[in-house]
Amino acid sequence: MKNYFLFVLILFGTQLKAQVCFDKSKIFFSGSRPNSPLAADFNRDGYQDLAIVDYDYSGFSISLGDGSGNYFLDSSYHFNLSESIPGLILSKDFNRDGFIDLATVDYLGKIYIHLGKGDGTFKTKISTIPGFYPSGLCSADFNGDSIPDIVVSSNAPANNITIYFGNDSGGFNASQLYSVEQWPQDIITIDINRDGKMDLISANGGGGTGKVVTFLMGNGDGSFYPGQKITTEDSPTKLLGSDFNSDGWPDLGIVTKKNILILISSSNGGFLPTDTIPVMNQIISMIANDFNGDKKNDLVVTQKDSNYISVYLGNGNGYFSD
């Protein structure tokens, strides 16, 4: 098997009035074919570390940070190549022992819970099978027991969202299945109507009437009821929840093949379209944060077949600069 050694690029921002500037980037080795990085403090030294999925080695790697922007490959976790290729990853304290854990989902549909030891190493606890071709992964407490639950969306053999209810050991006691429109691509959880109960939003990229974003409103006991549906002209692929107009209500960013759609909360659990940002290439990832220090959320986007990171500065009213 050929080895393709790739590197992860980290940019360090500095603030300058309404502009966004970045210091010289740092490049560090993170394994072979890295994907889906996430940041958390895995060894409890007060510095952010990185967990990165590794396609070639069918596992994930842990790179420990030193607080100055340097990361060092510490340990790797490998699955059997013939059985598992991880594609999705998230961090949470699933067994509530104070240590950050990881959940990974492979393309055969297995969920692996990796319980953190607090020193940057992990032990695999449990795996379940939600179905083939998982497309989205998120976590929150949906039934009010203060234990993190896991949600996985899957587009084969059916278009479903499955909620797995966690227990104190890092495992799951039960699950609940909901059907959604064709080809769910991404799923996020936010409290849409601010009732203290976590809700779910699914981007469904199917053909015809399947190009919709659907809402499942939480009852607080682990069950959900249908909410608003938003039809998009192009297939929605990614979702982002953030407060774009600084009113304290969660707003929504929807990525399609041609645009980023910004929808502002109407303060009653619904959303109103506000801004449309055209993009040249398929968006790989999108995050929101205040990058220029004006207390307004901005957007940073990476695109396929592009050598650039795009920064869209927020105006604080749901609109963004070019």
Side-chain angles (χ1 to χ4, degrees), residues 36 38 40 51 53 58-60 77 79 83-116 122-181 183-192 196-204 214-227 238-239 241:
S36 303
L38 63 83
V53 167
S58 296
F60 62 91
Y77 297 82
F79 300 129
E83 294 182 0
S84 174
I85 301 178
L88 303 170
I89 187 170
L90 62 80
S91 62
K92 214 81 168 181
D93 183 5
F94 291 108
N95 59 349
R96 300 194 299 176
D97 62 355
F99 305 148
I100 298 296
D101 310 313
L102 292 170
T104 58
V105 179
D106 66 27
Y107 289 117
L108 295 180
K110 292 183 180 178
I111 301 175
Y112 296 84
I113 303 298
H114 313 275
L115 297 179
F122 298 82
K123 56 182 178 180
T124 301
K125 173 68 176 178
I126 193 173
S127 65
T128 57
I129 301 178
F132 292 101
Y133 306 114
S135 52
L137 176 68
C138 64
S139 178
D141 175 20
F142 298 107
N143 57 354
D145 62 359
S146 300
I147 301 174
D149 309 311
I150 284 182
V151 178
V152 181
S153 59
S154 178
N155 50 41
N159 302 298
N160 294 323
I161 290 174
T162 307
I163 298 99
Y164 295 89
F165 299 105
N167 57 43
D168 270 330
S169 68
F172 304 95
N173 289 333
S175 64
Q176 182 70 47
L177 184 70
Y178 292 89
S179 295
V180 292
E181 278 75 9
W183 299 347
Q185 298 295 303
D186 192 19
I187 187 169
I188 62 172
T189 177
I190 57 177
D191 184 3
I192 297 172
K197 304 167 186 176
M198 297 305 293
D199 310 306
L200 291 169
I201 307 177
S202 173
N204 308 283
T214 57
F215 297 72
L216 292 175
M217 309 301 293
N219 290 312
D221 58 0
S223 64
F224 296 81
Y225 63 93
K238 294 185 180 299
L239 301 169

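This structure is a prediction, so every number in the text was calculated from the model and none was measured. Heavy-atom basis, side chains included; hydrogens, waters and symmetry copies ignored.
- You'll find the side chain of T104 reaches within 4.5 Å of the side chain of Y112, heavy atoms only.
- Between M198 atom CE and I190 atom CD1 the span is 7.5 Å, to the nearest 0.5 Å.
- Here CZ of F142 is found 10.0 Å from CD1 of I150. Values are rounded to the nearest 0.5 Å.
- Not one N or O on the side chain of N219 forms a donor-acceptor pair closer than 3.5 Å with the backbone of D221.
- In terms of heavy atoms, E181 sits closest to N204 at O-OD1, 3.4 Å.
- Across F224 and Y178, no two heavy atoms sit closer than the pair N-OH, 2.9 Å.
- When atom types are taken as modelled, the side chain of D141 and the backbone of P148 share no donor-acceptor pair closer than 3.5 angstrom.
- Under a cut-off of 6.0 angstrom, the local environment of OH in Y133 is sparse, with at most 12 non-hydrogen atoms contributed by other residues, nucleotides or ligands.
- Note: M217 CE to I201 CD1 = 8.5 Å, rounded to the nearest 0.5 Å.
- Contact record, V152 with P134: CG1-CB, 3.7 Å, taken as the closest heavy-atom pair.
- Taking each heavy atom of A51 and L102 in turn, the nearest pair found is CB-CD1, 4.1 Å.
- To the nearest 0.5 Å, the span separating CG on L239 from OG1 on T189 amounts to 11.5 Å.
- For the pair D186 (side chain) and G136 (backbone), a donor-acceptor distance under 3.5 Å is absent.
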Stepwise side chain to side chain contact (heavy atoms under 4.5 Å, CB included) test for N95 and S169: CA-CA 5 Å; N95 59 349; S169 68; 5.8 Å; no
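- S135 contributes a side-chain N or O that, together with a main-chain N or O of P184, makes up a donor-acceptor pair within less than 3.5 Å.
- Proximity of T214 to S202: side-chain heavy atoms (C-beta onward) are separated by under 4.5 Å at one or more points.
- Nearest approach of D191 to K197, heavy atoms of both residues: OD1-O, 3.1 Å.
- Atom CG of D199 is separated from atom CD1 of I192 by 4.5 Å, given to the nearest 0.5 angstrom.
- Side-chain contact annotation: T162 with N160, donor-acceptor N/O pair under 3.5 Å absent.
- Using a distance-only test at 3.5 Å, with no hydrogens or angles considered, a donor-acceptor pair links the side chain of S139 to the main chain of D149.
- Residues I187 and L137 come closest through the heavy atom pair CG2-N, 3.7 Å.
- The CG atom of D168 sits 13.5 Å away from the CZ atom of F94 when rounded to the nearest 0.5 Å.
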